[in-house]
Amino acid sequence: MATASRTVEPAGTTPGARAFPPGFLWGTATAAYQIEGAADEDGRTPSIWDTFSRTPGKVRNGDTGDIACDHYHLWREDVALMAGLGVGAYRFSVSWPRVQPTGRGPASRKGLDFYSRLVDELLAKGIQPVLTLYHWDLPQDLEDAGGWPERDTAERFAEYASLVAGALGDRVKTWTTLNEPWCSAFLGYGSGVHAPGRTDQADALRAAHHLNLAHGLGVQALRAHLPTDARASVTLNLHHVRSLTDSEEDRDAARRIDGVANRVFTGPMLRGEYPADVLRDTAHLTDWSFVRDGDTGAISQPLDFLGVNYYSPTLVSAASGPGSHNADGHGASEYSPWPGGDDVAFHRPPGATTAMGWAIDPSGLYELLTRVRDDFPGLPLVITENGAAFDDYVNPEGRVHDPERISYLHGHLTAVHRAIEAGVDVRGYFLWSLLDNFEWGHGYSKRFGAVYVDYATRRRIPKESAHWYARVVRDGVLPPTPHARA
Ligand code: IFM
């Protein structure tokens, strides 16, 4: 991520328009399992998401990532779409079972070649590749050996990081170890609404630690293989947790959820220790003896920036009894994704929601960014995901009219700009997502793309929001209202 000047430029002639700093990086994001398809091609083996999605009842409509957007074959067209948007960067993830099919041992040349071609094409079009090593698609063989609750998975991740860095490190300058380890640990092993679908709170906490360790070992492996100008980061879906009232009980509920949503990751990664209150709140579930001497030191590697994913705030209160958790929009389960949070109730914030049922609240993003700045001064931030699903359709003129998404993006980019004005060092923004894609347990029913995908024909149709975003990217200026010109 190039260093952006922190000066916020005057907005030109349109009153109320907001100019982003020169060098601010504009991008779009995707993830391998959500778009690639080609699940069985060129030596790729199943990941936990192949297994999970092929298990009846796990994913809406029985959808799988077998074909997805067929990006594995249409990647050149997709890069051309990005070039049309004018974005300066593309955040994508590498499929671990495509490049190291059993999760250990030698790399698959064909798998690496796919990403090598993609990177070359991006660079040829002037688009900076931003590579995420792990966006949830653990090789099934590693899950069969115990998955993230097992320490060895972290060691295997470091080996995989070395393989990918060795193959692409001459061209990819920006690297992210994990995407949203909260989801991998707590939706995957706690509530079970994500792959591998296990429901054991102690295992979920073990998984969280081994994901943290994987991050730390992964950064060390990257630094060992990459040129010194490469940048290393992690992406967290930091939750902006609000308490329903100012009562002591409600504020304590918010503290607990903040602990297992955010600080269980930022503590070891950015401070070199697990927060004492998180260890206390979860002591009835585990004694944390899986944390070995030296682990937190290995986890807390210096980072070049922190990736922040934000969609919606989280509103909580104290609950009168156990079982009142909800899955915070990630899918229904009788098991909680919040270890130590059994006595916390979740509430839907007032106001409009997206098709995911997530509240639309850009003020949460502003407050989150200023808090991260206060908690970790000097750490550059990049919004690695932000966007919204709506019930988009192609109208009789062949167009996709999505004014709600434009309003959502406008509101959240205004929040980012306000945060920059308030002195937060935000270096870039990646719209989730480039394409409509496989939205995990929701299958293809939720459309997050700036570009509509007709799954029957694989035809791509840029939505009105894509044209809108292209103008913002081109000008580096946000218009005063969603539908005004800058
Ligand atoms: O689609 C997901 C993505 O894979 C991770 N972050 C949230 C997005 C929307 O749910």
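Index from 1, following the sequence. Just so you know, ligand 1 is whichever comes first in the structure, and atom 1 is the first atom listed for that ligand. Predicted model, so just to flag it, every value in this text is computed and none were measured.
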Determine whether the side chains of Ser116 and Arg171 contain a donor N or O and an acceptor N or O closer than 3.5 Å. yes
>> Ring-plane angle category for Trp49 and Trp440, please: parallel below 30°, perpendicular beyond 60°, tilted otherwise.
In response: tilted
When only distance counts, is Trp136 in polar contact with ligand 1, meaning an N/O pair under 3.5 Å? no
query: Is NZ or CZ of Arg418 both nearer than 6.0 Å to the six-membered ring centre of Tyr366 and within 45° of the ring axis?
result: yes
The answer for which part of Tyr310 has a heavy atom under 4.0 Å from ligand 1 is neither
Taking only non-hydrogen atoms of Phe448 and a 4.0 Å limit, the atoms of ligand 1 in range are 9 (C), 10 (O)
Exercise. Purely on distance, is any nitrogen or oxygen of Glu180 under 3.5 Å from one on ligand 1?
Worked result: yes
For Glu439, the atoms of ligand 1 under 4.0 Å from one of its heavy atoms are 1 (O), 2 (C), 9 (C), 10 (O)
**OP:** Describe, in one word, how the ring planes of Phe157 and Tyr134 are oriented to each other, choosing from parallel (under 30°), tilted (30 to 60°) and perpendicular (over 60°).
**Re:** perpendicular
The residue among Phe186, Tyr310, Trp338 that forms ring-ring contact (aromatic ring centres under 6.0 Å, His included) with His239 is Trp338
#### Entry: Geometric N/O contact Trp440 with ligand 1, under 3.5 angstrom
yes
request  = Answer with yes or no whether the side chains of Asn309 and Thr235 bring together a donor and an acceptor at under 3.5 Å.
outcome  = no
Any nitrogen or oxygen of Asn437, main chain or side chain, under 3.5 Å from a nitrogen or oxygen of ligand 1? no
Any nitrogen or oxygen of Trp432 lying under 3.5 Å from a nitrogen or oxygen in ligand 1? Just yes or no. yes
- Message: Within the structure, is a non-hydrogen atom of His135 found at a distance of less than 4.0 Å from ligand 1?
- Response: yes
A student comparing Tyr33, Tyr311, Phe438 should find that the heavy atom closest to atom 8 (C) of ligand 1 comes from Tyr311
* Could you tell me how the ring of Tyr429 sits relative to the ring of Tyr469: parallel (under 30°), tilted (30 to 60°) or perpendicular (over 60°)? => tilted
